[in-house]
Number of protein chains: 2
Amino acid sequence: MAEKIIPDIVVGRLPIYLRALQRMLAENRHVTSSQEMGERLGISAAQIRKDLSQFGEFGKQGTGYSIDYLAEQIRLILHIDQVWDIAVVGAGDIGSAVARYQGFANRGMRVAMIFDNDPAKIGSDVGSFTVQDINNLETAVREAGIKVAMIATPSQNAQEVADLLVAGGVKAILNYAPISLSVPEGVRLQYIDPVIHLQRMTYYL
Amino acid sequence: MAEKIIPDIVVGRLPIYLRALQRMLAENRHVTSSQEMGERLGISAAQIRKDLSQFGEFGKQGTGYSIDYLAEQIRLILHIDQVWDIAVVGAGDIGSAVARYQGFANRGMRVAMIFDNDPAKIGSDVGSFTVQDINNLETAVREAGIKVAMIATPSQNAQEVADLLVAGGVKAILNYAPISLSVPEGVRLQYIDPVIHLQRMTYYL
DNA sequence: TAGATTGTTAATCGATTAACAATC
DNA sequence: TAGATTGTTAATCGATTAACAATC
């Protein structure tokens, strides 16, 4: 049975569309069009329609898309009709900010636990969580069935933390450490490094 | 005089190359090859050579690239042979974490000031900075000649903050608020939204 | 109905890869 | 010299856009 393969780049735009739709809902809007979404996002209307058409037919000719319905469909496609528990590794400034971040609510994510290797931090509270010993990471993650994690440790520890997470069954890692990691086939990896984004802009200044 | 136009996507990879090179330097390496860089980064060797060739000839046949020299050349290309002062707007968890972040050192960036609109925060210290009143933002940014800023406010304030920054002469904005902003032609804009990255991965789980 | 907008096809555009002469 | 690796060209691959029939 041939599953249609969706290009990564298309999947990558769906969360952007969803964010815009949720914003429109917050503005009490009910219907939108590919043209309006495109203008808000700086993406061509044709591309938005093409992207969505990879997954189904969500609109109505002449009227456009029901915001509520389209948002729900994208949530289903992205598997965020459920809430994903996240393990945060590293209880420094970034890890703590992430653990306290209010922006996960209603977007399919929830921080569930936070780890560190510093005895001075283990047992202390960060937001509503108690920092756990990284030695318990693999077991805790496996027992909780956690599939998604964020690495917020220094670069030098990031690869070993990634290995631990993978050993515990994690399948998706968001890495804040400014270093390229290697993970086995089947484990997804994304990066956040503010300096990379800043350097992409200074080229043009 | 026709300036060769470099595709955005190529410029966007240079900071990744630079980060890898700096890592190699930290490992006391002196020479690398497009093949080795490609393996580390999950990018084809041909693409790395092609990207670099847009800007000049930095390697030697048979031996590869001097890490130190190539890193310096990329720094020149990206205009990070200087240090860019950055204004941070929003002194919440994210803004505070960014203001204290040690990862800017040696990468061409330096936080120079932080603003908030909350009277309870204005005047308090975050890292080595005193939180300034956002009403002074436009003037302070203009007088300091700041061209780069980061927005770490709630979504509802992000657009007005962006407008203020632009009014103060800022030309590059990194936005942590999970909302699409609009800025005039000539102002660069990048986004960091961890939820977007997480949602890009849950599709595959 | 007339106007608007979708979903889709075909054409265009741009990015990546393979291959290799040049040369260190 | 022999081996290695660059810089570059041409071929391939993939993504974006334009256009329009279908239809609400």
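Chain letters run A, B, ... following the sequence lines, proteins first, then strands; residues in each count from 1. What you see is a predicted model, and the numbers here were worked out from it, not measured in a lab. Any value given below was found using the heavy atoms of this structure, including those in side chains, with hydrogens, waters and symmetry copies removed.
Going from atom CD1 of A/Ile9 over to atom P of D/dC13 covers 18 Å, rounded to whole Å. Counting to the nearest Å, the P atom of D/dT5 and the CD atom of B/Gln47 are 19 Å from each other. In this entry the distance linking CD of A/Gln61 with P of D/dC24 reads 6 Å, nearest Å. Nucleotide D/dT6 holds its P atom 12 Å from the CD atom of B/Glu57, rounded to whole Å. Taking atom CZ on A/Phe58 and atom P on C/dT5, their separation rounds to 20 Å, with Å as the unit. B/Ile48 places its CD1 atom 16 Å from the C1' atom of D/dT8, with the value rounded to the nearest Å. The separation between B/Phe55 atom CZ and D/dT6 atom C1' is 17 Å, rounded to whole Å. Rounded to whole Å, the distance from CD on B/Gln54 to P on C/dT16 is 10 Å.
Residues B/Gln199 and A/Leu78 share a closest heavy-atom pair of O-CD2, 3.7 Å. Taking all atoms of both residues into account, the shortest heavy-atom contact from A/Tyr203 to B/Ile77 is CD1-O, 3.3 Å.
Of the candidates D/dA19, D/dG7, C/dT16, D/dA19 carries the atom nearest the A/Arg49 side chain, counting heavy atoms from C-beta on. Set against D/dT5, D/dA15, D/dT8, the side chain of B/Gln35 has D/dT5 as its closest nucleotide.
Cation-pi geometry between A/Arg19 and B/Tyr191 is met: the NZ or CZ atom falls under 6.0 Å from the ring centre, inside 45° of the normal.
Contact check, B/Tyr65 against D/dG7: a side-chain N or O comes under 4.0 Å of OP1 or OP2. Between B/Ser44 and C/dT16, a side-chain N or O to OP1/OP2 separation shorter than 4.0 Å is absent. Considering only side-chain N and O atoms, B/Ser34 lies under 4.0 angstrom from the phosphate OP1 or OP2 of D/dT6.
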Query raised in the report: Would B/Arg23 and B/Glu36 count as a salt bridge (Lys or Arg N to Asp or Glu O under 4.0 Å) if you check the C-alpha gap in whole Å, the side-chain angles of each, and the deciding distance to 0.1 Å?
Result: CA-CA 13 Å; B/Arg23 182 81 200 159; B/Glu36 186 192 32; over 6 Å; no

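D/dA18 and C/dT9 make up a base pair, with Watson-Crick or G-U wobble contacts both under 3.5 Å. Of the nucleotides present, C/dT23 is the one that pairs with D/dA4 by Watson-Crick or G-U wobble criteria, both distances under 3.5 Å.
Take the nearest nucleotide of DNA chain D for A/Ile43 and for B/Ser53: the residue whose nucleotide is more 5' is B/Ser53. DNA chain C is contacted by both A/Lys50 and A/Lys60; A/Lys60 maps to the nucleotide lying nearer its 5′ end (nearest heavy atom per residue). Each of B/Ala45 and A/Ala46 was matched to the nucleotide of DNA chain D holding its nearest heavy atom; the match closer to the 5' end belongs to B/Ala45.
By the 4.0 Å N-to-carboxylate-O rule, B/Arg188 lies close enough to B/Asp8 to be salt-bridged with it.
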